Every structure is written in structure tokens, then in C-alpha cells.
Amino acid sequence: MKLRYFAWVRERIGTAEETVEPPDSVATVGDLLGWLQGRGETYAFALAEPDAIRVALDQDHAERDAPIAGVREVALFPPMTGG
Amino acid sequence: MKLRYFAWVRERIGTAEETVEPPDSVATVGDLLGWLQGRGETYAFALAEPDAIRVALDQDHAERDAPIAGVREVALFPPMTGG
Amino acid sequence: MATLRTLITADPIDTAGEIAAIQAGRSDIGAVVSFTGLCRDEDGRLDALELEHYPGMAEKEIGRIAAQAAERWEVSALTVIHRHGRIRPGETIVVVVAASTHRHAAFEAAEFVMDFLKTHAPFWKKEHARDGTPTGWVAAKASDDDAKARWKD
Amino acid sequence: MATLRTLITADPIDTAGEIAAIQAGRSDIGAVVSFTGLCRDEDGRLDALELEHYPGMAEKEIGRIAAQAAERWEVSALTVIHRHGRIRPGETIVVVVAASTHRHAAFEAAEFVMDFLKTHAPFWKKEHARDGTPTGWVAAKASDDDAKARWKD
């Protein structure tokens, strides 16, 4: 599964994208965020305030309870500020 | 007092402006409309539907009960359709 | 203090020029909303609209509406231009441009101006048909009164 | 069927050209509303904004928002263009142009697009200060969430 990070999430994690293989127990967006927080200091820092993180699955906005099975690209980013 | 007519009020009365001297008993906009209706067929026709007539006193919108004493210019016209 | 520009004119209206002018030389504006009202051809039936107005009162009324909008919303600048005379399909009848720091003030001010202009500014439209059938005055729409009514506090 | 045009671009946006294009060659349009979002200089403090976006999703999301607006209101045409990359004060970040027969559809469609674009389109603004102090990401505004919420049926 490909992970993409934007804005300060990208800056805090220190990379724009990476490929990961979460264990089978990681079934939802919420599970994935919890799992990522345990991957190291930069992840814990970037995801410290879960409410400030938005998630897209294959380029569609997704809630915390959305299943990630079969998803190819997960994006994590702060609330949007365009326009 | 100068009277000015616009749009179909002007066309029905047959003139764009005229000067009149209503009697002292004509005190309000409503009185003036009633008095004008008695001035002839074209006036009666133009003012037959009083609800369709808007009035401005010295270029300000006015209601039927507005006094006309001291007013120099009274305009009669249909509901506006600009914009 | 908002910069107000109001104009009644028989000349063609340049919407792009008015938008450019309202933001020229300033970098405190974050939002510009423009409204352009155009003459439609009514499915090919219409040759032209004739816009009659009440000179003097038209200027006064549009100035008053613009001032009210600028008092009610935080706009940096507001432009209102209304044309009179003969107007062909595709040509511009009215332009409103509102500039502000944030977008809602600009949207609301422009809509408010249009709603009051429709019901309060002394202009009347007469249709000239393409096939020469008798011309007619456009009737006022109840929906315009409703639109105006919603701005009551 | 409304004509939709959506674009994400690094090039400067030509608001006047987009307004002209939406009404070119048609005489069934009675109302055109444009919204232009501009980069402010924040009282001279700002040197530039950097707009980061999520390529692919940004196009998809803006297309979706435009389609929703066109479904909800009777618009003849709707254009939404958003810029990314480095943008200087006074330059345009976003343009929405809505054309319709009557004005309310155009006003509402343009406002709806902006409210959803602010909260749903994957763009992020970073400020570059003129005096070289550390740059910062612009925080999302609760007022933008409120603005979006009012479009619920």
C-alpha cells in the first residue's frame, strides 16, 4: 500500500511517500493511523493530534471507520486551506 | 408641482411630464392619484390598477400616505424591471 | 471606508475592466465577486431591450443601495454600473463588483445590491421582438420582491 | 446540460478571459457571477504563498464539486480554476465563474463551489514572510466548516 503525505504531515514525517505492508489486524483508517504512530518518533509527532489529520483512500475523502482492504493509495494531510 | 411619468404610465397618459396645481384638499400621494384619475380617460386608464403604480417624491420612493406639501417633483411609474 | 463607484451610462459596460480596476494597485483584497446581467435573446425572439430610466433618481437610488451594502458588509470597494438605452442580446445591462478581505462579504454585498437594484432602481425594460410584433413592457417578478425581502434583519 | 470546465494549473489565471469565454457565442445566459480569490500581502508581511496540492485528487475533487453544483442549480456553465505553486500578493489563487438564465442560480452555485473547495479540495497554503522569518502553514478556519455546513438540505 502506498502512503502519501502532504503539507506539514509530509514535513514532520520527513518524506512525501512510501510503501508499507501493515499487518492484517490493521483493517480501518483508524487502525492504520494507530499503527503508523508506533513506527517512530517522526510519525508520533506528525500524528500526535489525530483530529487534525484528514485521510483519503484512493483519492476520496474517508472517515476513520472506512476499511482499507484493497486500497492502493492512502493519503494523510492536514485540514485543507486552498481557495 | 411637476409630474413625471415613466414606461407604460407615460405611454398611457401620453406625455412624459406636465405641471399641475392640485387643490388644497389633495394632501397625500393617495389623494393625488385619486385626483389624477378624474382628469380624463387617459389618466383613468393609466391609473386603473393603483397597486401597479409606484410613486417617487423628489426622487425618493414614497408610500400612499406620504404628504405632498412642498414637493416639487412627483413621478409615477410601474414596478421597476431593471438589472 | 469602502471605495464606491456608481454609474448610469448609455455606453457598453466593460466588466473585465471594472474587475481589474477594483483590484488595481492593492494587495489587501482577498475576494472579488462580480455579477454581470446580460440581455438574453429569449430563444431568438428578441431583437433588443430598451432600458428606460429616471435620470437623477436612478443615480441617487443606485448610490443609496451601494452605500447601504458598504455599511452592512466589510467591503473594500464596490462598483455598480447600469446601462440604459437600446441593448442587444449578449450585451451587458448591469455590472456589480464587490471586493473584500474575505469572500462572504463580497458575495453578500453583490447579491444585496442586485436584489435592491431590481426592485428599487427606476429602470424599465421594453422588449423589441425580432419579427416586428408589438413590443411589450417586461412585467415585474414577484420573485424579485421575495429576494429583496430576505435581507430584512 | 451544463458546460463544466475545471482546471488545476501552475500558470497565472485570467479571470477576464474565463468570464468572456463562458458567455462567448451564447445569448441564452442572463447572469454571470465570478469569484476571484487573491493572494493578500497581510499588511506587507507576506512575500508569497506556496500552494501545495495533491495531484490527481485535486482535479477529481474539484470536478466532483462542480458537478454537484451543476446538479443542484440550473446553471448553463460553470468554470473552476485553481492555481498551485508560488503565488505573489495580488495574484489570483482561484476563479469560479457560474453562468445561468437567472441570477440566484449563478450566485448560489459559485458560493457553493467556494465553500466546498475550501474544505474539500486538497490544497494547502504555506506563507513565505518578506523578512525571512520562518514560514508557516496557514491554519484551517472553523468559519469555512460553518460555511460548508449551511448547504446541507
Side-chain angles (χ1 to χ4, degrees), chain A residues 1-20 28-30 32-33 36-37 41-83, chain D residues 8-9 13 35-40 49-65 80-85 87 92-96 110-127 134-145 147-148:
Chain A
M1 156 185 300
K2 186 175 177 183
L3 295 180
R4 301 187 66 172
Y5 309 117
F6 293 95
W8 55 253
V9 175
R10 172 179 52 72
E11 291 182 341
R12 289 180 187 179
I13 290 181
T15 186
E17 56 181 80
E18 61 182 324
T19 301
V20 297
T28 66
V29 166
L32 181 67
L33 289 177
L36 281 170
Q37 279 182 59
E41 226 172 77
T42 57
Y43 293 88
F45 172 50
L47 308 176
E49 288 176 74
D51 286 353
I53 305 295
R54 300 283 179 274
V55 178
L57 301 181
D58 287 332
Q59 307 190 351
D60 279 339
H61 293 291
E63 300 298 326
R64 291 299 190 265
D65 57 0
I68 58 169
V71 169
R72 282 161 307 173
E73 180 172 299
V74 180
L76 274 60
F77 44 76
M80 289 142 280
T81 55
Chain D
I8 314 290
T9 177
I13 299 175
F35 173 84
T36 310
L38 299 155
C39 177
R40 286 175 276 128
L49 276 179
E50 198 180 314
L51 263 288
E52 180 171 336
H53 78 302
Y54 181 175
M57 181 170 172
E59 286 81 355
K60 217 170 145 179
E61 196 60 37
I62 283 185
R64 190 151 39 196
I65 294 166
V80 186
I81 302 179
H82 201 300
R83 199 170 158 193
H84 66 86
I87 298 174
T92 296
I93 300 167
V94 61
V95 162
V96 178
E111 264 200 284
F112 173 94
V113 166
M114 279 310 302
D115 286 348
F116 275 82
L117 195 150
K118 285 263 177 189
T119 52
H120 280 63
F123 290 86
W124 301 272
K125 289 194 183 98
K126 191 176 197 173
E127 293 185 341
T135 60
W137 292 95
V138 172
K141 287 188 292 182
S143 61
D144 285 330
D145 288 323
K148 181 200 74 176

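Chain identifiers are assigned alphabetically (A, B, ...) following the order of the sequence lines, protein sequences preceding nucleic acid strands; residue numbering begins at 1 within each chain. A quick note: this is a predicted structure, and the numbers were derived from the prediction, not measured.
- Proximity to chain A is absent for every atom of A58(D), based on heavy atoms less than 4.5 angstrom apart.
- At least one donor-acceptor pair closer than 3.5 Å links the side chain of H82(D) to the backbone N or O of G83(A).
- Of the listed residues (K141(D), K126(D), M114(D), H120(D)), the one with the most heavy-atom contacts under 4.5 Å to chain A is H120(D).
- The minimum heavy-atom distance linking H53(D) with F6(A) is given by the pair O-CE2, 3.5 Å.
- Using a 30° and 60° split on the angle between ring planes, W124(D) and F77(A) fall in the tilted class, from 30° to 60°.
- Both the backbone and the side chain of K118(D) come within less than 4.5 Å of a heavy atom in chain A.
- Taking each heavy atom of Q59(A) and G56(D) in turn, the nearest pair found is OE1-C, 3.2 Å.
- With a threshold of 4.5 angstrom between heavy atoms, K60(D) approaches chain A through side-chain atoms but not through N, CA, C or O.
- Salt bridge R64(D)/D60(A): present, at least one basic N to carboxylate O contact under 4.0 Å.
- The two residues M80(A) and A140(D) have their closest heavy-atom pair at O-CB, 4.1 Å.
- Closest of all the heavy-atom pairs between V138(D) and T81(A) is O-CG2, 3.3 Å.
- Contacts between E61(D) and chain A at a heavy-atom distance below 4.5 Å involve the side chain alone, from C-beta outward.
- Ranked by non-hydrogen atom pairs under 4.5 Å with chain D, the options H61(A), R10(A), E73(A), R54(A) are led by H61(A).
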(request) Give the C-alpha distance, both sets of side-chain angles, the deciding distance and a yes or no for side-chain contact (heavy atoms from CB on, under 4.5 Å) between W137(D) and E11(A). (result) CA-CA 11 Å; W137(D) 292 95; E11(A) 291 182 341; 2.8 Å; yes
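- Among all heavy-atom pairs drawn from A7(A) and E52(D), the shortest one is N-OE2, 2.9 Å.
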